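In what follows, a single structure is set out as structure tokens and then discussed.
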Amino acid sequence: RSITYVKAAQKILDSELTYEIDEEGVLTITGDDTALPAFLDSEWNMTEWCGDRSKIKKVVFNTPNLTSIGRGAFYEFENLESIELSSSLIMIGDAAFERCTSLEKIEFPNTLTTIGESAFYGCEKLESIELPDSLTTLDWGVFGFCHALKSIKLSAAMTSIPEGAFMYAAIESFTIPAGITEIGGFAFGGCPNLKAINVEADNSNYCSVDGVLFNKDKTALMQYPIGKEDAAYTVPDTVTSILEGAFCYAESLTDITLPDFLTTIEDEAFGGTKIKSITIPNTVTKIGNCSFEEWEDLTSVIIPDSVTEIGSYAFEYCSSLADVTLSDSLKNIGECAFADCPLLTDITIPASVTNVGEGVFECSGLKSATFECDDADAIANFNPDEGRYIFYGCTDLETIYVPVGCVDAYKNSEGYQAALGYYIDVIQEMPTAEAKGYSVSYNGDITINFHYLLSDSYKNGYVKFSDGTQVS
């Protein structure tokens, strides 16, 4: 003889719902309540409610009146393979099924109108989704990092695709329906197999050229499909903005040409590509966060004088970057903008720079740095946000040059004290060059040779003329 003990149905928090788990790992939820409560708060603290989540393989809703599933209800149910949703369901909450890494399929009822932020984020085995025509709203990252997701059918009622909606999915092509009027940044970013993003001809907001997604008038390049195998790409002359993550991880690209009237490079625009060199047009005013992060083959970059701001992490981990020329109009340099650039040995900070973020040159290969500002008020008021330790981890940094007569002003500035930390002690005056005359030579052309005697303190420096010409 054997005796089977059946565990009584358990109440779910303070709701009118109960649950049972059988020996096969089927979790059945029963009751007349309209809402399954939230189990994940805004600080990502989890309320355990059904014992060992790893035992659950299937969820069945026996809930004729249920309209909503709360935040994080099935968060990280890592062995959950399938779900039978309530036929009355209207809303799936944020992170409701996030990181259910074994979930292979799900069918949505035709009553569903809303799926919340990251609701199915990280469901790595989910291969296809068909959204019912009742659905009007998706939120951030809803199907992000669903690495097996190859087939997506949108609802006819949808007008927007949110930021990061299908990032890092396995789709090979995608067609934007005519009714879509808004597409969030990085909606299709990081999809390694994506070769073309097409747009229905009667869409009034977007268009596609050779599989690349643009706004309708082609002034904004929104997404370059990173599965394209082309080695070179020329951005059309109409483009003035390259949007967030547009070329991020397009690893086949080794060469890109930017248009003459480009003004904006948004966050992560080119992060993680294999492009070897870049000419930034003298119309660009801002370089966004992480824009050129992890460009392992980039050796030099000239920031044109039109640029007033370089975002955080913009050139971080550019392991071959050895030569950087900053804009004479530059005002702000973001946190860790040139961090972990081991071949970068010297840098000149223009007088125009008024604010720097924390760790701008952290763990770079700097041996010397030069600050050009000689205005007493500007030195005293430098770095109001007090970005700290901009040279943190620069173990080879020996000298910081400042203009003649300005050493004390720099050392007494609270902004520079915060920015430089203990490197404040290696400040010294810039090397000087004394004019010693000139000579003229003729060999078909007339050449005038200026002769300068450099001071004994000259080291890794240069002579800079009033017209901006610089000679090392």
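The structure presented is a predicted model; accordingly, all values stated were derived computationally and were not measured.
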Could you go through the side chain to side chain contact (heavy atoms under 4.5 Å, CB included) check for L36 and F61 one step at a time? CA-CA 10 Å; L36 180 64; F61 284 88; 4.2 Å; yes

Least distance between heavy atoms, A95 atom then L40 atom: CB-CD2, 4.2 Å

Please list all pairs meeting salt bridge (Lys or Arg N to Asp or Glu O under 4.0 Å) that have one or both residues in residues 215-235, counting only residues at least two apart or in different chains. K228-D230

For S327 and P350, the nearest pair of non-hydrogen atoms, with its separation, is O-CG, 3.1 Å

Would the number of heavy atoms belonging to other residues, nucleotides or ligands and lying under 6.0 Å from OH of Y317 be above 12? no

Evaluate the criterion salt bridge (Lys or Arg N to Asp or Glu O under 4.0 Å) for residue pair K367 and D396; output intermediate values, then yes/no. CA-CA 5 Å; K367 296 180 180 180; D396 294 329; over 6 Å; no

Show your working on side chain to side chain contact (heavy atoms under 4.5 Å, CB included) between I275 and F247 and close with a plain yes or no. CA-CA 10 Å; I275 298 171; F247 291 90; 5.8 Å; no

Output every pair passing side-chain hydrogen bond (donor to acceptor under 3.5 Å, both in side chains) with a member in residues 112-122, not counting sequence neighbours, ordered by first then second residue. E98-S118

Tell me, do L343 and L321 make a side-chain contact under 4.5 Å, heavy atoms counted? no

Would you say the side-chain atoms of D33 pair up with the backbone N or O of L17, donor to acceptor, closer than 3.5 Å? no

Kindly check if the number of other-residue, nucleotide or ligand heavy atoms within 6.0 Å of NZ (K195) is above 12? yes

Which pair of non-hydrogen atoms, one from C394 and one from C363, has the smallest distance, and what is that distance? SG-N, 4.1 Å

Centroid-centroid under 6.0 Å between Y233 and Y224 rings: yes

Parallel under 30°, tilted from 30 to 60°, perpendicular over 60°: which one fits the rings of W49 and Y19? perpendicular

Return yes if some donor-acceptor pair links the side-chain N/O of S155 with the main-chain N/O of L135 below 3.5 Å, else return no. yes

Could you tell me whether K153 atom NZ has more than 12 heavy atoms of other residues or ligands within 6.0 Å of it? yes

Kindly check if the number of other-residue, nucleotide or ligand heavy atoms within 6.0 Å of OH (Y392) is above 12? no

Name all pairs fulfilling the ring-ring contact (aromatic ring centres under 6.0 Å, His included) condition that reach into residues 275-307, sequence neighbours left out, sorted by first residue then second. F270-F292, F292-W295, F292-F315

So with a 6.0 Å cut-off around CG of D297, is the heavy-atom count from everything else above 12? yes

Verdict with reasoning, I278 to L258, per side chain to side chain contact (heavy atoms under 4.5 Å, CB included): CA-CA 8 Å; I278 188 84; L258 301 181; 3.8 Å; yes

Could you tell me whether the side chain of F391 reaches within less than 4.5 Å of the side chain of I400, counting heavy atoms only? yes

Run the numbers on I115 and F120 for side chain to side chain contact (heavy atoms under 4.5 Å, CB included), then give the verdict. CA-CA 9 Å; I115 303 179; F120 294 90; 4.0 Å; yes

What are the two closest heavy atoms between D305 and S329, and how far apart are they? O-OG, 2.7 Å

To the nearest 0.5 Å, how far apart are CZ in F338 and CD1 in I347? 6.0 Å

Does this structure show an ion pair linking E81 with K105, if we count only N-O contacts that are shorter than 4.0 Å? no

NZ-SG distance between K125 and C100, expressed to the nearest 0.5 angstrom: 12.5 Å

When you compare the side chains of E358 and Y389, does any donor N or O come within less than 3.5 Å of an acceptor on the partner? no

Neighbour count >12 (heavy atoms, 6.0 Å) for atom CG, D202: yes

Using a 3.5 Å distance criterion without hydrogens, assess whether the side chain of T111 forms a donor-acceptor pair with backbone atoms of S87. yes

Can you confirm whether more than 12 heavy atoms, excluding those of E200, are under 6.0 Å from its CD atom? yes

Taking only residues two or more places apart in sequence, or in another chain, which ones meet N79 in a side-chain contact (heavy atoms from CB on, under 4.5 Å)? S54, S102

Heavy atoms only: give me the nearest I287-A314 pair and the separation to one decimal. CG2-CB, 4.3 Å

How about N62 and I29: do any of their side-chain heavy atoms sit closer than 4.5 Å? no

Is the closest side-chain heavy-atom distance between E48 and M46 below 4.5 Å? yes

Less than 4.5 Å apart, any side-chain heavy atom of L13 and any of T47? yes

Y75 ring center near F39 ring center (under 6.0 Å): no

With a 3.5 Å distance limit and no angle check, can you tell me whether T240 reaches the backbone of T219 through a side-chain donor-acceptor pair? yes

Could you check whether atom CG of D260 has more than 12 heavy atoms from other residues, nucleotides or ligands sitting under 6.0 Å from it? no

Side-chain donor/acceptor of D267 to backbone N/O of N289, under 3.5 Å: yes

Can you measure from CG (N383) to CD1 (I333) and round to the nearest 0.5 angstrom? 10.0 Å

Please walk me through it: do Y206 and F214 pass ring-ring contact (aromatic ring centres under 6.0 Å, His included)? CA-CA 6 Å; Y206 302 103; F214 299 85; over 10 Å; no

Could you check whether any side-chain N or O of T18 sits under 3.5 Å from a backbone N or O of K11, counting only pairs where one atom can act as donor and the other as acceptor? no

Would you please classify the geometry between the F166 ring and the F143 ring as parallel, tilted or perpendicular, with 30° and 60° separating the classes? parallel

Residue pair I197 / I176, side-chain heavy-atom distance below 4.5 Å: yes

Return the minimal non-hydrogen interatomic distance between F97 and L85, and the atom names on each side. CZ-CD2, 4.2 Å

Does E266 offer a backbone N or O that forms a donor-acceptor pair with the side chain of S291 under 3.5 Å? yes

With distance as the sole test, does N215 use its side chain to make a donor-acceptor pair with the main-chain N or O of N205 at under 3.5 Å? no

Scan for side-chain hydrogen bond (donor to acceptor under 3.5 Å, both in side chains) pairs involving residues 163-178, sequence neighbours excluded, and state none if there are none. none

Would you give the length of the straight line joining atom OG1 of T263 to atom CD1 of I242, rounded to the nearest 0.5 angstrom? 10.0 Å

Is any side-chain heavy atom of T299 closer than 4.5 Å to one of S277? no

Hey, could you give me the CG/CG distance between L138 and L154, rounded to the nearest 0.5 Å? 7.5 Å

Give a yes or no on whether the ring-centroid distance for Y416 and F371 is below 6.0 angstrom. yes

Please list all pairs meeting salt bridge (Lys or Arg N to Asp or Glu O under 4.0 Å) that have one or both residues in residues 269-296, counting only residues at least two apart or in different chains. K274-E296

Just how far is it from atom CG of N110 to atom OG of S134, taken to the nearest 0.5 Å? 6.0 Å

Is there side-chain contact between V199 and L213, with at least one heavy-atom pair below 4.5 Å? yes

